[in-house]
Amino acid sequence: MRQEATALPLRAEGLRFAAGGVEILHGLDFSLVAGAPTVILGPNGAGKSVLLRVLHGLLEPTGGTLRWSLPAEAAQRRQAMVFQRPVMLRRSVLANALYPLRLAGLPEAEAAARAALDRVGMAALADRPARKLSGGEQQRLALARAWALAPEILFLDEPTAALDPAATRQVEEIIGAIAASGTKVVMTTHHLGQARRLAGDVMLLLGGMLNAQGPAERFFAAPPTAEAAAFLRGDLVW
Ligand SMILES: Nc1ncnc2c1ncn2[C@@H]1O[C@H](COP(=O)(O)OP(=O)(O)OP(=O)(O)O)[C@@H](O)[C@H]1O
Ligand SMILES: [Mg+2]
C-alpha cells in the first residue's frame, strides 16, 4: 500500500509554539527518521502533547521550521494520531474500525477492518458497542483503527496512561508490531520501563526545551545530561 516516496526524515529547526502570549516550545532542533520508535519523555507540562500536535499538523508552529521530505499535504496524508482518550463513535467496534477505511476509499474495507481487529486481538468483540469497551480495549481498537491505514508515521500520546499492567503489556506488544510493520511510531510516555522496551531513540523535553536526545541504549546506560540522569532516577525537580 505504501508508495516509494517517503515523508521521513522530518527536520525541525528552531521549532517554536506559543499560545495566549505564552511560549510552550522554545526552539527545538531535531530530526525524526524511519526506524524504531522515538519516545518523547519529560515531566508533566513539559510540552510533549503540544509537540505531538504540532508535528501532526493540529497546531501551527509560531516559529522555526518543520520540514517533511514530502510536501506538507502529502506528508499529512501519511500520518495518524491516537490520543490518550480515544474518541469512539457511538457504534460497534467493527463500525469504528471501518470508518477511516471507508473515508479513505479503500476497497474491501470490511475485510481490512476485520483483519485489523484480529491483529489486536479484538475480533471476538467486533459487534460490541465501542463506548462500552474497557479502557484497554478502547486503546487497542484505536490502535487497530490507525494501523489499518498503514500510516508511515503514527503519533501516540501516552497510549497506556490509564491502563493496568496486563493491558499495558498488550498495548506495548501492539506498538511493537506496528513498528515492526514499518510504521514510524512517535510516542510520549511516563513509563520509563516502556520507553526502554520500545524506544529506538529518546527525546527528553524539559520546560519546552530539548534537554537531551539520542539513541535509547546510550540514553539509558549513560544519561547525557545531569537532568536526564535525575529524571531517570525519579528525582528531577523541575
Ligand atoms: N492551547 C494551549 N494554550 C495555552 N497553553 C497551553 C495549550 N496547550 C497546552 N498548554 C500549556 O502548555 C504546557 C505544556 O502542555 P502539554 O500538554 O504539552 O504538556 P505535557 O508534557 O504533555 O504534560 P503531561 O505529561 O501532563 O501530559 C502546559 O503548561 C499547558 O498548560
Ligand atoms: Mg501530555
Side-chain angles (χ1 to χ4, degrees), residues 10 12-32 37-66 76 79-88 135-136 138-140 142-143 146 153-165 167-168 171-172 174-175 178 184-199 201-214 216 219-220 223-238:
L10 167 70
E13 282 174 23
L15 184 66
R16 293 178 181 275
F17 179 77
V22 179
E23 194 165 75
I24 298 166
L25 301 177
H26 302 287
L28 311 183
D29 297 299
F30 61 89
S31 294
L32 291 181
T38 293
V39 174
I40 303 170
L41 296 173
N44 293 131
K48 304 180 297 297
S49 296
V50 167
L51 175 57
L52 285 190
R53 283 168 190 268
V54 169
L55 295 178
H56 190 42
L58 298 173
L59 296 171
E60 181 107 17
T62 49
T65 57
L66 197 54
Q76 186 60 42
Q79 315 173 17
M81 181 159 175
V82 174
F83 298 91
Q84 190 176 328
R85 277 179 234 90
V87 183
M88 294 293 150
Q138 288 201 14
Q139 192 58 252
R140 281 192 281 150
L143 290 169
I153 304 118
L154 177 60
F155 296 105
L156 305 176
D157 198 4
E158 294 192 41
T160 62
L163 306 188
D164 70 31
T168 295
V171 165
E172 284 181 15
I174 293 166
I175 294 171
I178 292 174
K184 170 70 182 187
V185 172
V186 181
M187 61 181 282
T188 68
T189 184
H190 287 293
H191 294 243
L192 293 177
Q194 178 169 91
R196 283 176 194 268
R197 286 188 286 277
L198 291 175
D201 64 307
V202 172
M203 292 168 44
L204 175 62
L205 205 53
L206 296 180
M209 286 184 274
L210 259 181
N211 177 270
Q213 58 185 316
F219 181 88
F220 290 111
T225 62
E227 292 84 3
F231 182 77
L232 292 179
R233 284 197 308 270
D235 59 11
L236 177 70
V237 181
W238 190 261

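We count ligands from 1, going down the list as the structure has it; atoms in each ligand are counted the same way. The chain is numbered in sequence order, starting from 1.
By the side-chain hydrogen bond (donor to acceptor under 3.5 Å, both in side chains) test, Thr188 pairs with Asp157, sequence neighbours left out.
With 2.8 Å as the limit, Ser49 counts as an N, O or S neighbour of the Mg ion (ligand 2).
Side chain of Thr62 to main chain of Ala18: a donor-acceptor pair is present (N/O by atom type, distance under 3.5 Å, no hydrogens or angles). No donor-acceptor pair closer than 3.5 Å links the side chain of Glu13 to the backbone N or O of Phe30.
There is no side-chain donor-acceptor pair under 3.5 Å between Gln194 and Thr168.
Of all heavy-atom pairs spanning Gly42 and Phe231, the tightest one is N-CZ, 3.6 Å. Nearest heavy-atom pair across Gln139 and Pro159 is CG-O, 3.1 Å.
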Any protein N/O atoms within less than 3.5 Å of an N/O atom in ligand 1? List the atom names and distances, or say none.
residue	atom	partner	partner atom	Å
ligand 1	18 (O)	Lys48	N	3.4
ligand 1	18 (O)	Ser49	N	3.2
ligand 1	18 (O)	Val50	N	2.9
ligand 1	19 (O)	Gly47	N	3.4
ligand 1	21 (O)	Ala46	N	3.1
ligand 1	21 (O)	Gly47	N	2.9
ligand 1	21 (O)	Lys48	N	2.9
ligand 1	21 (O)	Lys48	NZ	2.8
ligand 1	22 (O)	Ser49	N	3.0
ligand 1	22 (O)	Ser49	OG	2.9
ligand 1	23 (O)	Gly45	N	2.8
ligand 1	25 (O)	Asn44	ND2	3.1
ligand 1	25 (O)	Lys48	NZ	2.7
ligand 1	25 (O)	His190	NE2	2.8
ligand 1	26 (O)	Asn44	ND2	2.9
ligand 1	27 (O)	Glu158	OE2	3.2

